[in-house]
Amino acid sequence: MLKSYAPRTPALQQQFPRPETSSEYTLADYELSRYFLISAGDEMSTVVPRGAPMARFLSIDCGIAGDLSYTDDTTQMFYTSDTKFIDTGTNKEIAATYMTQTLPLQYQNLRIVPNGTRNCYTLTPVIKSNRHLLRASFMYGNYDGLDQPPQFDANLGVDRWEIELPSNSSLYVWNEIIMVASLDYISVCLVNTGKGTPFISALELRLLENSTYQAANESQSLQLYTRLDPGSTSGKRIR
């Protein structure tokens with residue numbers, strides 16, 4: 001497992017001007033993200049700006065056909081199929097009951113990996129020794145009619161990534177970490193633990209400015225604790 005430690009210095013907060021470019025964070029002027037070191041109790045907080053160069057973003061919709069891609073109407077992020085990043089598994093669609101008009105497209109399909117113990121995505125391009133935000137999203141959606149969400153593990157390379165998974169068919173969850181790439185690719189693996197077939201709905205990779213989140217390095221990562229939108233009156237949820 002990735003090693004970690006608990007920082008004792010006061011939390012640092014910075015404000016950034018609102019960017020002119022559209023980005024993933026189009027629902028609020030600022031987004032307050034609180035991350036903690038994996039297995040650590042103390043927290044760090046920072047205000048993350050709404051904007052990032054699109055070329056730094058890799059957004060993968062797991063479970064759609066290989067020739068499909070689209071721009072999300074809400075986030076304006078471009079999503080591509082996962083077929084270029086994994087060569088195992090099968091595409092599935094969640095049950096019609098959960099296909100609501102407000103459900104993001106990324107959760108309407110999923111990839112399952114019923115064969116083998118460990119099936120891995122290889123994410124590229126990646127800048128070695130640079131910090132990246134990695135997000136993995138999951139919705140079971142009773143795709144198999146069993147109404148029994150599987151439980152399984154995830155690895156980053158050989159290190160275990162402690163993820164949260166949906167506890168029922170209607171929920172979708174995402175897991176985020178900030179990590180330093182030790183190679184020119186990132187390997188995200190789904191590990192079968194005998195408690196159901198592993199699955200995944202989306203993978204997203206964001207290249208960060210390397211001067212940020214200095215506590216993350218090649219031996220430890222930062223895991224998202226919570227994300228808040230101070231002052232919002234819209235009631236909309238921010239990823």
Side-chain angles (χ1 to χ4, degrees), residues 22-24 52-128 132-146 149-150 152-157 161 163 165-166 169 171-177 179 181 183-192 196-207 239:
S22 175
S23 78
E24 173 186 21
M54 297 295 286
R56 296 183 173 191
F57 286 10
L58 176 62
S59 301
I60 303 170
D61 188 331
C62 305
I64 62 173
D67 58 347
L68 293 182
S69 60
Y70 62 90
T71 298
D72 187 281
D73 290 338
T74 301
T75 65
Q76 296 303 302
M77 299 302 300
F78 178 79
Y79 281 84
T80 187
S81 169
D82 63 347
T83 55
K84 299 183 291 293
F85 306 96
I86 191 171
D87 56 9
T88 59
T90 304
N91 294 347
K92 295 292 182 177
E93 189 175 88
I94 66 170
T97 303
Y98 305 105
M99 287 279 197
T100 64
Q101 292 184 344
T102 58
L103 183 68
L105 288 175
Q106 300 84 52
Y107 297 108
Q108 297 181 13
N109 300 275
L110 62 155
R111 177 176 291 268
I112 66 169
V113 283
N115 299 320
T117 301
R118 192 169 183 262
N119 291 269
C120 300
Y121 282 83
T122 301
L123 304 184
T124 58
V126 168
I127 298 180
K128 182 179 178 181
H132 297 74
L133 184 150
L134 176 63
R135 177 186 295 127
S137 302
F138 304 88
M139 182 171 182
Y140 163 63
N142 198 23
Y143 77 89
D144 55 4
L146 300 177
F152 50 91
D153 289 342
N155 285 359
L156 289 177
W161 180 9
I163 58 171
L165 293 168
S169 296
L171 289 179
Y172 59 84
V173 300
W174 63 86
N175 301 262
E176 287 184 19
I177 61 169
M179 60 174 294
L183 301 168
D184 58 1
Y185 64 90
I186 293 174
S187 181
V188 180
C189 303
L190 306 178
V191 183
N192 192 324
T197 299
F199 67 92
I200 190 166
S201 302
L203 277 169
E204 296 162 282
L205 189 65
R206 312 292 187 244
L207 178 65
R239 296 189 314 155

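What you see is a predicted model, and the numbers here were worked out from it, not measured in a lab.
- Here the closest heavy-atom approach between residue M139 and residue P166 is recorded as CA-CG, 4.4 Å.
- For R135 (side chain) and I177 (main-chain N/O), no donor-acceptor pair under 3.5 Å exists by modelled atom type.
- Here disulfide (SG to SG under 2.5 Å) pairs that include residues 73-120, with residues two or more places apart or in two chains, are C120-C189.
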Verdict with reasoning, C62 to K92, per side chain to side chain contact (heavy atoms under 4.5 Å, CB included): CA-CA 9 Å; C62 305; K92 295 292 182 177; over 6 Å; no

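- Taking CG from L183 and OG1 from T124, the interatomic distance works out to 12.5 Å, rounded to the nearest 0.5 Å.
- Scored by the salt bridge (charged side-chain N to carboxylate O under 4.0 Å, His left out) test, D82 finds R111 as partners (sequence neighbours excluded).
- Considering every non-hydrogen atom in both L190 and V113, the closest pair reads CD1-CG2, 4.0 Å.
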Worked check of side chain to side chain contact (heavy atoms under 4.5 Å, CB included) between Y121 and I200: CA-CA 11 Å; Y121 282 83; I200 190 166; 3.4 Å; yes

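- Between V126 and D184, every side-chain heavy-atom pair lies at or beyond the 4.5 Å cut-off.
- Residues N142 and Y98 form a side-chain contact, since some pair of their non-hydrogen atoms from C-beta on lies under 4.5 Å apart.
- No side-chain heavy atom of P149 sits under 4.5 Å from any side-chain heavy atom of F138.
- Taking 4.5 Å as the limit, some side-chain heavy atom of L123 sits within range of a side-chain heavy atom of V188.
- Taking 4.5 Å as the limit, every side-chain heavy atom of F85 sits out of range of all side-chain heavy atoms of T122.
- The side-chain heavy atoms of V191 and T117, taken from C-beta on, include a pair separated by under 4.5 Å.
- The minimum heavy-atom distance between L58 and R206, with the atom names listed, is O-NH1, 3.2 Å.
- Note that the CG atom of N91 and the OG1 atom of T83 stand 8.0 Å from one another [nearest 0.5 Å].
- Side-chain contact, D72 with Q106: a donor N or O sits under 3.5 Å from an acceptor N or O.
- Partners of T197 according to the side-chain hydrogen bond (donor to acceptor under 3.5 Å, both in side chains) rule, which considers only residues two or more places apart in sequence or in another chain, do not exist here.
- Between the S81 side chain and the L68 main chain, no donor and acceptor come within less than 3.5 Å of each other.
- Side-chain atoms of T90 do not come within 3.5 Å of backbone N or O of I112 as any donor-acceptor pair.
- Among residues two or more places apart in sequence or in another chain, the side-chain hydrogen bond (donor to acceptor under 3.5 Å, both in side chains) test is passed with S69 by none.
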Pair F152-F199, ring-ring contact (aromatic ring centres under 6.0 Å, His included): steps then yes or no: CA-CA 9 Å; F152 50 91; F199 67 92; 5.4 Å; yes

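- Here the closest non-hydrogen pair linking E204 and Y79 is OE2-OH, 2.7 Å.
- Counted within 6.0 Å of NZ on K84, heavy atoms from surrounding residues, nucleotides or ligands total more than 12; the atom is thus considered enclosed.
- Among residue pairs with one or both ends in residues 75-113, none qualify as disulfide (SG to SG under 2.5 Å); sequence neighbours excluded.
- With rounding to the nearest 0.5 Å, the separation of OH in Y70 from CG in L105 is 5.0 Å.
- Under the ring pair (Phe, Tyr, Trp, His ring centres under 6.0 Å) criterion, Y185 pairs with no residue at all, not counting sequence neighbours.
- L203 approaches A136 most closely through the heavy-atom pair CD2-CB, 3.8 Å.
- Distance check, rounded to the nearest 0.5 Å: OG1 of T80 to CG of D67 gives 10.0 Å.
- Atom NE2 of H132 sits about 5.5 Å away from atom CD1 of I127, to the nearest 0.5 Å.
- Looking only at side-chain heavy atoms (C-beta outward), Y140 and L165 stay at 4.5 Å or farther from each other.
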Derivation of the side chain to side chain contact (heavy atoms under 4.5 Å, CB included) call for I94 and L110: CA-CA 7 Å; I94 66 170; L110 62 155; 3.8 Å; yes

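- Going from atom CG of D153 over to atom CZ of R118 covers 11.0 Å, rounded to the nearest 0.5 Å.
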